[in-house]
Participant: 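One structure, pasted below without further comment.
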Number of protein chains: 2
Amino acid sequence: MPRPRVPLLDRPRIRAAALTMIDSAGLPGLSMRALAAELGVRAPSLYSHYQTKDELLGDLAEEIMAGVDVSGFGSGWVDGVRTWARSYRGALAVHPNLVPVFASGPADRPGALERADTVHGALVAAGWPPRQATMIGASAKYLVLGAAMHSFSRGFEDDARVYADRYPHLSQAHRLREHADEIDAESFELALDAFLRGLVALHAGISA
Amino acid sequence: MPRPRVPLLDRPRIRAAALTMIDSAGLPGLSMRALAAELGVRAPSLYSHYQTKDELLGDLAEEIMAGVDVSGFGSGWVDGVRTWARSYRGALAVHPNLVPVFASGPADRPGALERADTVHGALVAAGWPPRQATMIGASAKYLVLGAAMHSFSRGFEDDARVYADRYPHLSQAHRLREHADEIDAESFELALDAFLRGLVALHAGISA
DNA sequence: GGCGTAAACCTAACACTGTTCGGTAAAGGG
DNA sequence: CCCTTTACCGAACAGTGTTAGGTTTACGCC
């Protein structure tokens, strides 16, 4: 099967197939051979479109991050950060299996820089010193990434008997898995709320 | 080379070598063959001591988490959480290359459960409803894990010219790498402080 | 319209990974 | 002194990302 009349492959098609595979089979479930098979093609053909697997994953990451909303700073820096962090987490929560890619790969892609610039600029404009603005951006990202990692609620086994007597305070821990998504979402909201509340107090101290 | 007079391998020795390799060469730098070579042995020999590589990594993770301090709850839940989160982050910061292991692997090892039980119990004893206690534990973990991931400050290239004109608010971004560890540490402290401040306010609302 | 180049796929292979099987020789107990 | 167990080894399997080189077709140009 040499050159086909109409190309079987292009970057968007490869990304779409890769994302589907990652969502359903997890990150280790995506191999270049399996991905190629899904696209009716052999593995080496992919390398005419993406030079490495990492480049593909990076592009996938950027595509997903493109939807992150940094437009909320019009109604104040608190709402701005809140909107940003929420949509950031939301974007990651849709594709949880992809989160390790965000965590390890470099984050200096153009879109990410543009958003970082927006956030940083808005915070400085609101009266935060540049260094503090940097740290706030970093902190919010910590929260989002940690929450997306969601290893907490998933870390408990289903078998309740293991804990019942040994860890008295965790006797309901087996329930965590049922409500894992719910707990994750609420915990993130709690953390974000508390974080912003504390920042407001700090900001008042600076402005005064 | 059959059975030696004195065994070349045991679990602590394997762990120590693995940790050294991970610290210096990164997580992908640790292969069973390379690890065996470092120990003067061939790869299959390792499998008499650890059944899989994951088991080894899990054991390594547990070893590192053993130093996490949950003894601070004697002087109140705020100090308790602060001490816990700080020592948690500290433990991870010493071996940053190992962080992905914590993020993906299951967290239900005995030591981790014991610490989770301590934290949860102390929060409930301080008047937090169990569900809130769970969420606070989760939130703190988000923060620690996200901070340990430290992908933020590392995400900027060294070359300043790229940003100078295009992203005006990030014109100092190239400096981030120099101070990456410092920024990470301070950002974490800022986030933890703001988070706890907000929680105190929330707790006052509940107790009232 | 024919021709040369470039595109888009292919097969085969390399170097590597975690892991298993079966062998071997020495250590340690009865 | 024998016998079992221990602790190593070599060889191999199935899988990975990736590269080299080949083949046929499509497309731009004279």
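Only a predicted model underlies this, so the values are computations on that prediction, with no experimental measurement involved. Note: hydrogens, waters and symmetry copies are ignored here, and every other heavy atom, side chains too, is used. Sequence lines set the chain letters: A, B, ... in the order given, protein chains first and strands last, and positions in each chain run from 1.
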Participant: Starting from the 5' end of DNA chain C, give me the residue, B/Thr52 or B/Val6, whose nearest nucleotide shows up first.
Facilitator: B/Thr52

Participant: Are A/Leu9 and A/Ser48 close enough, and set up right, to give a side chain to side chain contact (heavy atoms under 4.5 Å, CB included), and what steps lead you there?
Facilitator: CA-CA 9 Å; A/Leu9 259 37; A/Ser48 328; over 6 Å; no

Participant: For A/Leu56 and D/dT16, give me the distance from atom CG to atom C1', rounded to whole Å.
Facilitator: 15 Å

Participant: Does B/Arg42 put a side-chain nitrogen or oxygen below 4.0 Å from OP1 or OP2 of D/dG10?
Facilitator: yes

Participant: Within the distance-only criterion (no hydrogens, no angle test), does the side chain of B/Arg82 pair as donor or acceptor with the backbone N or O of B/Leu192 below 3.5 angstrom?
Facilitator: no

Participant: Figure out the CD1/P separation between B/Ile14 and C/dG18, and round it to whole Å.
Facilitator: 14 Å

Participant: Mind calculating the distance between CG (B/Leu46) and C1' (D/dA7) to the nearest angstrom?
Facilitator: 12 Å

Participant: Just the table, please: protein N/O against nucleotides 23-26 of chain C N/O, every pair under 3.5 Å.
Facilitator:
none

Participant: Just to be sure I understand the geometry, which residues of residues 19-38 of chain A put a non-hydrogen atom under 4.0 Å away from DNA chain D?
Facilitator: A/Leu30, A/Ser31, A/Met32, A/Arg33

Participant: Given C/dC9, D/dT18, C/dG18, which nucleotide is nearest the side-chain atoms of A/Ser45?
Facilitator: C/dC9

Participant: What integer distance in Å separates A/Tyr50:OH from C/dA8:C1'?
Facilitator: 17 Å

Participant: Do A/Ser71 and A/Asp69 get their side chains close enough for a donor-acceptor pair, meaning under 3.5 Å?
Facilitator: yes

Participant: Between A/Trp128 and A/Trp77, how do the two ring planes meet: parallel, tilted or perpendicular, split at 30° and 60°?
Facilitator: perpendicular

Participant: Rounded to the nearest angstrom, tell me the gap between atom CG in B/Asp10 and atom C1' in D/dT6.
Facilitator: 14 Å

Participant: Out of C/dA8, D/dG17, C/dA12, which nucleotide sits closest to the side chain of A/Pro44?
Facilitator: C/dA12

Participant: Do B/Glu182 and A/Arg131 meet the salt-bridge criterion of a basic N to acidic O distance under 4.0 Å?
Facilitator: yes

Participant: A/Ile14 and A/Leu46: which non-hydrogen atoms are nearest, and at how many Å?
Facilitator: CD1-CD2, 3.9 Å

Participant: Hey, is the side chain of B/His49 poking within less than 4.0 Å of OP1 or OP2 on D/dC8, counting only N and O atoms?
Facilitator: yes

Participant: Checking contacts here: which listed nucleotide (D/dC9, C/dC10, D/dG17) is nearest the side-chain heavy atoms of A/Tyr47?
Facilitator: D/dG17

Participant: Let me see the working for B/Ile64 and B/Val94 under side chain to side chain contact (heavy atoms under 4.5 Å, CB included), right down to the final yes or no.
Facilitator: CA-CA 9 Å; B/Ile64 279 158; B/Val94 178; over 6 Å; no

Participant: Distance only, no hydrogens: is a donor on one side chain within 3.5 Å (strictly under) of an acceptor on the other, for B/Asp117 and A/His169?
Facilitator: no

Participant: Measure from NZ on A/Lys53 to C1' on C/dT17 and round the result to the nearest Å.
Facilitator: 13 Å

Participant: Looking at every heavy atom in both A/Leu30 and A/Leu35, which two are closest together, and how far apart are they?
Facilitator: CD1-CB, 4.1 Å

